[in-house]
Amino acid sequence: MDVQTSVAGARPPSSPYDPDYDPLVSRPGRGQDYAPTYWVATAGPPPEDDGPVEGDADADVVIVGSGFTGLSAALTLARDFGVRATVLEANRAVWGCTSRNGGQGQNASGRLYRSQWIQRWGVDTARRLDAEIRDGFEYWKSLVAQFDCDAQPGGHLYTAHREKKMGFLRSEARVMREVFGYDTRILSKDELRERYVDDHEAVGAMLEPDGVGVHPLKLAFGYMRQARALGASLHPASPVLGWRRENGAYLLRTPGGTVRARKVAFATGGYTAQGIDPLLDNRIMPVLSNSMVTRVLSAEERERAGLKSTVFITDTRTLRFYYRLLPDGRMQIGSRSALRGADARNPRHLALLREGLARKFPALRDVEVAYSWWGWVDVSHDMMPRISQPDPDQPLYYAFGYGGNGVSFSAQAGRRLAQRIMGQDGAPWDLPIYDTPLPGHVFAPFRRIGQGLLYRWYYLRDEVL
Ligand SMILES: Cc1cc2nc3c(=O)[nH]c(=O)nc-3n(C[C@H](O)[C@H](O)[C@H](O)COP(=O)(O)OP(=O)(O)OC[C@H]3O[C@@H](n4cnc5c(N)ncnc54)[C@H](O)[C@@H]3O)c2cc1C
């Protein structure tokens, strides 16, 4: 690739962070600074990048988006195929969800449970899908082991926030054990409190032994350094604003010049803007998720709150809380947020997290919040991701729709994306996450109205009925 580079070292932001950014109405940014996350504050300086696109250029493969997915794809292309991909990023490197999440690496993909896979596709396909997700989880763990990212193994706790949810957890644990062969266990409230956490809402829990909490930005910076060391280039402040086809290639328009690409892959997650290509429009329901991190808790405060483990936790609400004790003694908690970017700063969304933390851990009711931020999660209309070439006649590919379960699965998604771009046989391409494009939705233009109604229904179902 012949893109001219203009800087050595990481590119500083060329515009401030826009907290109101909304993928359904905003254009991709240009060189925006990071969201003010705990991860950004503690990851160390971003790695060297290749500067914004300046002038016209040529590339075999362009990857749009520099989160976990785009970086995993670039890494695979370089390492396994000797292809030096060009990664175009609208903002700073790793600006999207990858620098904003909870760092909970689960053996999962999409929003459906394994019992729902069986209902949707039957037990044989569900077992094959499980083998693929498990393979992906092992691959991700092999990457985690290569980079210093504060890894916290120990599994995933799924806490029942009401008594009536225990039946669901028992049934899911049985499916995990009997159909898929996992060592999934049910814990009583006392076992949970004695060994892990004194969550005052929890009446019991399911423990999945697979699960690793990570510092997501340190991990992503690891992917980025390795991908660049193997020949990939990463150009921040280079949003793809549109394109046209010419002689089978894509001419990708960025503010600094046009990049001609023989193949292009979108790894833009919940930040996929409308109007770039009909194959991408309305495939995703971008959903805002909020996160906050407290100040460091003393050993005595942790003891009083009943925090004994760094194993990460989600609860059984549909609009779930996810939380964990970070390795440096802070507490992190996240959950749903505003429907629209314009409402993201409304204090009631942070209040929801504070109240959630206080209900679970009354001793932490007034603890100071040190960091608070939000980001757009890529939820697909059928709750499962796709790694797809939506039109076989066009060399355009994408991987997204992880529905808030992308920290670990994005590694496999990026690897499969790269293999798909290179036309590799041998992967299980007939699985439901690979063999169809993401479905659209006839009501997609009205999705925010539907989302508002759903949130009210979920609240009633989670808290009242
Ligand atoms: C608050 C929060 C908490 C979460 N917690 C968890 C968790 O604990 N566990 C879990 O598994 N998942 C979690 N997730 C989801 C997880 O972070 C994502 O699934 C994952 O990071 C997706 O990575 P990605 O590379 O696909 O997309 P992203 O990291 O979002 O990257 C997409 C990139 O594309 C760029 N882009 C968009 N359009 C263009 C364009 N036109 N041109 C150039 N670049 C463009 C964006 O600037 C962005 O940097 C959470 C998400 C949020 C927001």
Side-chain angles (χ1 to χ4, degrees), residues 13 15-30 32-40 67 90-91 95-102 111 239 268-275 281-294 315 317-323 332-359 369-381 383 400-404 406 441 443-464:
S15 58
Y17 168 62
D18 172 12
D20 301 335
Y21 176 90
D22 185 332
L24 290 190
V25 293
S26 312
R27 301 296 293 156
R30 184 181 178 185
Q32 256 189 54
D33 204 353
Y34 293 114
T37 76
Y38 167 72
W39 312 119
V40 169
N91 299 296
W95 176 87
C97 271
T98 299
S99 53
R100 309 177 191 211
N101 56 67
R111 289 194 79 78
T268 41
Y271 291 83
T272 309
Q274 293 284 101
D281 281 350
N282 296 327
R283 303 287 141 175
I284 287 294
M285 172 84 210
V287 171
L288 206 54
S289 180
N290 250 16
S291 199
M292 74 176 206
V293 167
T294 69
D315 72 18
R317 290 177 169 86
T318 309
L319 300 171
R320 65 193 177 197
F321 283 98
Y322 52 91
Y323 44 112
Q332 182 196 21
I333 186 164
S335 189
R336 58 155 288 192
S337 181
L339 296 178
R340 294 176 173 74
D343 186 43
R345 280 188 272 181
N346 189 323
R348 72 194 168 99
H349 305 302
L350 179 58
L352 183 117
L353 296 190
R354 293 199 66 122
E355 191 47 41
L357 186 68
R359 271 203 310 266
V369 174
Y371 301 91
S372 142
W373 68 88
W374 46 88
W376 291 95
V377 173
D378 51 327
V379 179
S380 71
H381 295 297
M383 303 292 149
F400 38 62
Y402 312 143
H441 201 293
F443 294 120
F446 311 105
R447 65 194 114 184
R448 293 259 161 95
I449 297 169
Q451 191 187 354
L453 294 172
L454 274 177
Y455 275 17
R456 273 180 227 155
W457 162 236
Y458 291 153
Y459 173 79
L460 280 176
R461 207 174 57 179
D462 285 344
E463 315 290 349
V464 182

**Message:** For a quick test of reading the model, state the closest non-hydrogen atom pair linking Asp18 to Gln32 and the distance between them.
**Reply:** N-OE1, 3.0 Å
**Message:** Restricting to non-hydrogen atoms, name the atom on Arg111 and the atom on Gly403 that form the minimum distance, rounded to 0.1 Å.
**Reply:** NH1-O, 2.9 Å
**Asked** Would a line drawn from the ring center of Tyr371 to the ring center of Trp39 be shorter than 6.0 Å?
**Response** no
**Prompt:** What are the two closest heavy atoms between Thr272 and Phe400, and how far apart are they?
**Reply:** OG1-CE2, 3.6 Å
**Request:** Could you go through the side-chain hydrogen bond (donor to acceptor under 3.5 Å, both in side chains) check for Tyr38 and Ser291 one step at a time?
**Result:** CA-CA 10 Å; Tyr38 167 72; Ser291 199; over 6 Å; no
**Message:** Would Arg448 and Asp22 count as a side-chain contact (heavy atoms from CB on, under 4.5 Å) here? Give the steps.
**Reply:** CA-CA 12 Å; Arg448 293 259 161 95; Asp22 185 332; 2.9 Å; yes
**Message:** Could you go through Tyr459 and Thr318, starting from their C-alpha distance and side-chain angles, then the distance that decides it, and tell me whether this counts as side-chain contact (heavy atoms from CB on, under 4.5 Å)?
**Reply:** CA-CA 8 Å; Tyr459 173 79; Thr318 309; over 6 Å; no
**Fill in**
Correct closest heavy-atom pair for Trp376 and Tyr21 would be NE1-O, 2.9 Å
**Asked** Considering only heavy atoms from C-beta outward, does the side chain of Tyr17 approach that of Pro36 to under 4.5 Å?
**Response** yes
**Fill in**
Sequence neighbours excluded, the answer for side chain to side chain contact (heavy atoms under 4.5 Å, CB included) partners of Arg359 is Glu201, Arg317, Phe321, Glu355
**Prompt:** Mind checking whether Trp373 and Pro19 have side chains closer than 4.5 Å, heavy atoms only?
**Reply:** no
**Asked** Do Met292 and Ile333 have side chains that get closer than 4.5 Å, going by heavy atoms?
**Response** yes
**Item:** Derivation and outcome, side-chain contact (heavy atoms from CB on, under 4.5 Å), residues Tyr323 and Gln332
**Value:** CA-CA 5 Å; Tyr323 44 112; Gln332 182 196 21; over 6 Å; no
**Asked** Are the side chain of Arg100 and the backbone of Gly96 linked by a donor-acceptor contact shorter than 3.5 Å?
**Response** yes
**Asked** Who are the side chain to side chain contact (heavy atoms under 4.5 Å, CB included) partners of Arg456, not counting sequence neighbours?
**Response** Leu453
**Request:** Mind listing the closest non-hydrogen atom pair of Tyr322 and Gly102 along with its distance?
**Result:** CE1-CA, 4.2 Å
**Item:** N/O donor-acceptor pair under 3.5 Å between Thr37 side chain and Val40 backbone
**Value:** yes
**Message:** Looking at Arg283 and Asp378, is any side-chain nitrogen of the basic one under 4.0 Å from a carboxylate oxygen of the acidic one?
**Reply:** no
**Prompt:** Is the NZ or CZ atom of Arg345 both under 6.0 Å from the centre of the six-membered ring of Trp374 and within 45° of that ring's axis?
**Reply:** no
**Request:** Side-chain contact test, heavy atoms from C-beta onward, threshold under 4.5 Å: evaluate it for Pro286 versus Leu24 and give yes or no.
**Result:** yes
**Trace of the side-chain hydrogen bond (donor to acceptor under 3.5 Å, both in side chains) decision for Asp343 with His349** = CA-CA 9 Å; Asp343 186 43; His349 305 302; 3.0 Å; yes
**Message:** Looking at every heavy atom in both Ala273 and Asp281, which two are closest together, and how far apart are they?
**Reply:** O-OD1, 4.3 Å
**Request:** For Ser335 and Arg320, indicate whether the former's side chain and the latter's backbone hold a donor-acceptor pair under 3.5 Å.
**Result:** yes
**Message:** Walk me through whether Met383 and Val379 qualify under side-chain contact (heavy atoms from CB on, under 4.5 Å).
**Reply:** CA-CA 6 Å; Met383 303 292 149; Val379 179; 3.9 Å; yes
**Asked** Under 3.5 Å, side chain of Arg30 to main-chain N/O of Ser15, donor-acceptor pair present?
**Response** no
**Complete:** Across all chains, not counting sequence neighbours, the side chain to side chain contact (heavy atoms under 4.5 Å, CB included) partners of Ser380 are Asp382, Leu438
